[in-house]
Amino acid sequence: MSSLILLVAVLLVLVVTLVVGALVYLTHRHPAWAVPLTTGLVGATLLAAVVVPIVVR
């Protein structure tokens with residue numbers, strides 16, 4: 001693998017972690033909105049559903 005692909009993969013993992021963490025933190029601060037763990041898993045699933053077809057192509 002080239003170092004560019006590895007760098008993009010690391011950045012993608014960091015961005016996904018930040019987005020899911022922000023979703024979990026937001027629902028943790030406002031528990032009436034949703035369950036934090038479910039929100040984090042849904043966020044990770046949606047990001048994977050968008051990114052995986054792009055990466056596979």
Side-chain angles (χ1 to χ4, degrees):
M1 265 201 213
S2 73
S3 47
L4 177 62
I5 293 173
L6 291 173
L7 179 64
V8 170
V10 168
L11 291 176
L12 186 62
V13 167
L14 288 174
V15 168
V16 168
T17 303
L18 285 173
V19 169
V20 170
L23 286 172
V24 170
Y25 176 75
L26 181 66
T27 54
H28 178 71
R29 296 292 292 165
H30 304 282
W33 291 357
V35 178
L37 182 60
T38 304
T39 305
L41 291 175
V42 168
T45 304
L46 289 176
L47 284 171
V50 170
V51 170
V52 168
I54 295 171
V55 171
V56 171
R57 190 178 108 170

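Here, residue 1 is the first one in the sequence, and each next residue gets the next number.
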Check: Which ILVMFWY residues are connected to L46, directly or by a chain of links, through side-chain heavy atoms under 4.5 Å apart?
Finding: V42

Could you list the donor-acceptor pairs under 3.5 angstrom formed by side chains in residues 8-16, with sequence neighbours left out?
none

Next item on the list: State, to 0.1 Å, how close P53 and A48 come at their nearest heavy-atom pair, and which atoms those are.
Entry: CD-O, 4.0 Å

Item checked: Other cluster members, Y25 - Ile/Leu/Val/Met/Phe/Trp/Tyr, side-chain contacts below 4.5 Å -> none

Next item on the list: Look up atom CG in L41 and atom CG in L23, then write down how far apart they are to the nearest 0.5 Å.
Entry: 11.0 Å

